[in-house]
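As structure tokens, the structure follows; a few thoughts come after it.
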Amino acid sequence: MNTDNMTSQVETGHRAWKLGNDVDTDQLAPGAYMKFGIDEIARHCLQGVRPEFAGGVRPGDVLVAGPNFGIGSSREQAAAALVALGVHAVIAPAYSGLYFRNAFNVGLLLLTCARATEIEEGERVRIDLDGPSVVRADGSVLPCEPIPGFLLDMVQAGGLLNQLKRRLASGELARHPMKAI
């Protein structure tokens, strides 16, 4: 996959939903709904802290949070629920390591931005993947930590499984089996 097309674009118009610090996986994917499929889990995403979120979020919106986003259990559904709701990205100063990996595995873009909490609720932001950075409505730029190309590839493919399916279908894995690792 060619990430040049993805990283050179500047995306526009993402509405921000602001959360606090220490958003845990049980808030994102409440345990009471874990026996159901991802669509049902997503309907209850953040209901304890933002009851209006699941019904009000629109495809392309972004979540903005304080440090320690995704702490708690290793449940992949905590990231998958946001993907199911159409969340474009999460912007936060720091993430749980397990959440970070799970998010990219399901195709959710995470931007690590030390100044993320400066973004206001409802503000429209642009994401520049070339920076990477977040451009605020007032034009100020919030720099983000670099994202490795292989993680951007996963997001572009819609997650690790989709990426592997594409690579298998193209014959790439047969020609270069060690690239799957």
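For the residue pair Ala42 and Ala81, the shortest heavy atom distance occurs at CB-O, 3.7 Å. Leu111 and Cys144 make their closest contact through CB-SG, 4.1 Å (heavy atoms, listed as atom of the first residue, atom of the second, distance). The heavy-atom pair separating Ala79 from Leu108 by the smallest distance is O-CD2, 4.1 Å. The minimum heavy-atom distance linking Glu145 with Pro132 is given by the pair O-CG, 3.2 Å. The shortest non-hydrogen separation linking Pro143 to Ser133 is CA-CB, 4.1 Å. Of all the heavy atoms in Gly66 and Thr117, the pair that sits closest is CA-CG2, 3.9 Å.
Under a 4.0 Å N-O distance rule, the pair Lys18/Glu118 does not qualify as a salt bridge.
Side-chain contact check for Val23 versus Leu46: some heavy-atom pair is nearer than 4.5 Å. Residues Val83 and Val87 fail the side-chain proximity criterion, which asks for heavy atoms closer than 4.5 Å. Glu121 places a side-chain heavy atom less than 4.5 Å from the side chain of Trp17. Ile147 places a side-chain heavy atom less than 4.5 Å from the side chain of Phe104. A 4.5 Å side-chain heavy-atom check between Ile127 and Val62 finds at least one atom pair inside the cut-off. At a threshold of 4.5 Å between non-hydrogen side-chain atoms, the residues Ser73 and Asp26 do not count as touching.
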In sequence, state the C-alpha distance, the side-chain angles, and the governing distance for Asn68 and Asn21, and then conclude on side-chain hydrogen bond (donor to acceptor under 3.5 Å, both in side chains).
-> CA-CA 6 Å; Asn68 301 319; Asn21 301 346; over 6 Å; no

Checking side-chain contact (heavy atoms from CB on, under 4.5 Å) for the pair Val90/Leu82: CA distance, chi angles, key distance, verdict?
-> CA-CA 9 Å; Val90 178; Leu82 295 177; 3.9 Å; yes

Check step by step if side-chain contact (heavy atoms from CB on, under 4.5 Å) holds for Leu142 and Arg136.
-> CA-CA 8 Å; Leu142 306 177; Arg136 297 189 61 206; 3.8 Å; yes

Could you walk me through whether Asn162 and Arg166 pass the side-chain hydrogen bond (donor to acceptor under 3.5 Å, both in side chains) check?
-> CA-CA 6 Å; Asn162 288 338; Arg166 288 180 186 173; over 6 Å; no

List the steps, then state whether side-chain contact (heavy atoms from CB on, under 4.5 Å) holds for Val64 with Leu19.
-> CA-CA 6 Å; Val64 176; Leu19 301 170; over 6 Å; no

Evaluate side-chain contact (heavy atoms from CB on, under 4.5 Å) for Leu152 paired with Gln156, printing each intermediate quantity in order.
-> CA-CA 6 Å; Leu152 287 174; Gln156 182 69 24; over 6 Å; no

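Here the side chain of Glu123 pairs a donor or acceptor atom with the backbone of Glu120 at under 3.5 angstrom. Thr25 places no side-chain N or O within donor-acceptor distance of the main-chain N or O of Gly70, the cut-off being under 3.5 Å. The backbone N or O of Val57 sits nowhere less than 3.5 Å from a side-chain atom of Asp61 that would complete a donor-acceptor pair. Gln27 places no side-chain N or O within 3.5 Å of a backbone atom of Val49 that could act as its donor or acceptor partner.
Taking CG of Leu109 as the start and CD1 of Ile91 as the end, the distance is 8.5 Å to the nearest 0.5 Å. Between atom CG of residue Leu98 and atom CZ of residue Arg75 there is a gap of 12.5 Å, rounded to the nearest 0.5 Å. To the nearest 0.5 Å, the span separating CG on Leu160 from CG on Leu164 amounts to 4.5 Å. With rounding to the nearest 0.5 angstrom, the CZ atom of Arg124 is 13.5 Å from the CD1 atom of Ile119. To the nearest 0.5 angstrom, Phe100 atom CZ is 5.5 Å from Leu151 atom CG. With rounding to the nearest 0.5 angstrom, the OH atom of Tyr99 is 4.5 Å from the CZ atom of Phe69.
Using cut-offs of 30° and 60° for the angle between ring planes, the His14 and His88 rings count as parallel.
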For a quick test of your reading: what N or O donor-acceptor pairs under 3.5 Å do the side chains of residues 30-40 make, sequence neighbours left out?
residue	atom	partner	partner atom	Å
Glu40	OE1	Arg43	NE	3.0
Glu40	OE1	Arg43	NH2	2.7
Glu40	OE2	His44	NE2	3.0

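Ile71 and Leu110 fall into different hydrophobic clusters, defined by Ile, Leu, Val, Met, Phe, Trp and Tyr side-chain heavy atoms under 4.5 Å apart, directly or through other members.
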